[in-house]
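Structure first, commentary second.
Predicted model, so just to flag it, every value in this text is computed and none were measured.
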Amino acid sequence: MNRELRRMCKLVNMYIVLLSPDNAEDLKKNHKEYLADLDMLAKLINAYLEDTTNLFQSWCNVSVEVFLYETSNMFSRMIRFLQMVIVNHYLNKYSYEMSVCGILQNNLSLVRQRLIQYDIFS
């Protein structure tokens with residue numbers, strides 16, 4: 001996981017900590033500011049997810065190209081195997097990052113619902 005994704009995870013976790021009963025008064029007073037911050041964070045996560053999706057798609061295309069290599073002799077099989085290992089590494093990496101982004105989006109939606117409830121009931 002890279003640095004940018006870790007920062008987004010920390011920010012989402014900080015908002016989840018704000019949902020504790022100890023911080024209820026602060027949330028009630030400043031719910032509009034927190035909602036604006038959540039909107040900005042959601043945009044950042046969506047942009048990161050879009051970039052990662054594009055990278056994942058390009059590695060999928062490379063995977064298809066490598067899979068279609070000819071394997072007529074031992075050396076070409078070894079080259080194909082090594083290239084498939086590299087391609088699979090990047091596919092696994094980007095699919096993991098996309099799943100983390102999905103989890104972050106789910107957690108943000110839970111925090112957003114709570115802040116909207118504070119907005120409606122105050």
Side-chain angles (χ1 to χ4, degrees):
M1 192 164 30
N2 65 16
R3 185 177 296 163
E4 185 179 354
L5 189 58
R6 267 192 229 119
R7 286 181 186 156
M8 288 187 281
C9 288
K10 286 180 183 179
L11 287 172
V12 171
N13 288 336
M14 286 172 46
Y15 280 107
I16 290 173
V17 168
L18 282 175
L19 293 179
S20 69
D22 300 335
N23 301 321
E25 289 300 318
D26 183 41
L27 282 178
K28 287 178 185 178
K29 291 178 185 175
N30 302 319
H31 60 276
K32 292 189 181 197
E33 290 84 11
Y34 287 131
L35 276 172
D37 290 343
L38 284 179
D39 289 337
M40 292 298 292
L41 185 57
K43 288 179 184 177
L44 286 173
I45 291 172
N46 287 335
Y48 185 84
L49 183 61
E50 187 175 318
D51 293 342
T52 306
T53 304
N54 291 336
L55 289 171
F56 184 79
Q57 182 62 41
S58 66
W59 279 103
C60 285
N61 294 338
V62 171
S63 173
V64 169
E65 291 173 10
V66 169
F67 188 74
L68 295 177
Y69 282 172
E70 212 174 298
T71 57
S72 58
N73 61 25
M74 181 66 130
F75 293 112
S76 62
R77 283 188 212 139
M78 288 174 44
I79 291 171
R80 178 182 168 193
F81 174 76
L82 291 174
Q83 289 178 343
M84 285 300 285
V85 167
I86 293 168
V87 167
N88 285 334
H89 165 74
Y90 283 104
L91 288 175
N92 288 334
K93 175 186 170 187
Y94 292 131
S95 67
Y96 172 73
E97 289 180 3
M98 288 188 301
S99 70
V100 168
C101 286
I103 293 169
L104 293 178
Q105 286 176 335
N106 288 339
N107 290 343
L108 273 183
S109 69
L110 294 173
V111 174
R112 182 186 310 278
Q113 287 175 0
R114 179 64 60 90
L115 290 174
I116 290 173
Q117 288 173 356
Y118 284 132
D119 189 27
I120 292 172
F121 294 123
S122 62

>> Val12 vs Cys9, test: side-chain contact (heavy atoms from CB on, under 4.5 Å). Steps then yes/no.
In response: CA-CA 5 Å; Val12 171; Cys9 288; 5.9 Å; no

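- Note that the CZ atom of Arg114 and the CG atom of Leu35 stand 13.0 Å from one another [nearest 0.5 Å].
- Distance OH/Tyr90 to CD1/Ile86: 8.0 Å, rounded to 0.5 Å.
- Taking CG from Leu104 and CG from Leu11, the interatomic distance works out to 9.5 Å, rounded to the nearest 0.5 Å.
- Tyr48 has its side chain within reach of Glu97: a pair of non-hydrogen atoms, C-beta onward, lies under 4.5 Å apart.
- When side chains are defined from C-beta on, Asn107 counts as touching Ile103, because their heavy atoms get closer than 4.5 Å.
- A heavy-atom distance below 4.5 Å is found between the side chains of Leu49 and Gln105.
- Note that CD of Glu25 and CG of Leu27 are 9.5 Å apart. Values are rounded to the nearest 0.5 Å.
- The hydrophobic clustering, which links ILVMFWY residues whose side-chain heavy atoms are closer than 4.5 Å, places Val66 and Phe81 apart.
- In plain terms, the two heavy atoms of Ser72 and Arg77 that are nearest each other are O-NH2, 4.2 Å.
- There is a path of hydrophobic side-chain contacts, each under 4.5 Å, that joins Leu55 to Met84.
- Just one of Leu115, Leu41, Leu110 meets the side-chain contact (heavy atoms from CB on, under 4.5 Å) condition when paired with Tyr15; it is Leu41.
- Asn54 has its side chain within reach of Glu50: a pair of non-hydrogen atoms, C-beta onward, lies under 4.5 Å apart.
- Tyr34 and Asp26 form a side-chain donor-acceptor contact under 3.5 Å, judged by distance and modelled atom types alone.
- The side-chain heavy atoms of Ile79 and Ser76, taken from C-beta on, include no pair separated by under 4.5 Å.
- Once rounded to the nearest 0.5 Å, the distance linking CE of Met78 with CG of Asn73 reads 10.0 Å.
- At least one side-chain heavy atom of Gln83 sits less than 4.5 Å from a side-chain heavy atom of Tyr69.
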>> Checking Cys101 against Thr52 for the side-chain contact (heavy atoms from CB on, under 4.5 Å) test, could you report, in this order, the C-alpha distance in whole Å, the side-chain angles of both residues, the deciding distance, and whether it holds?
In response: CA-CA 10 Å; Cys101 286; Thr52 306; 5.5 Å; no

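- To the nearest 0.5 Å, atoms CZ (Arg7) and CG (Leu44) are separated by 11.5 Å.
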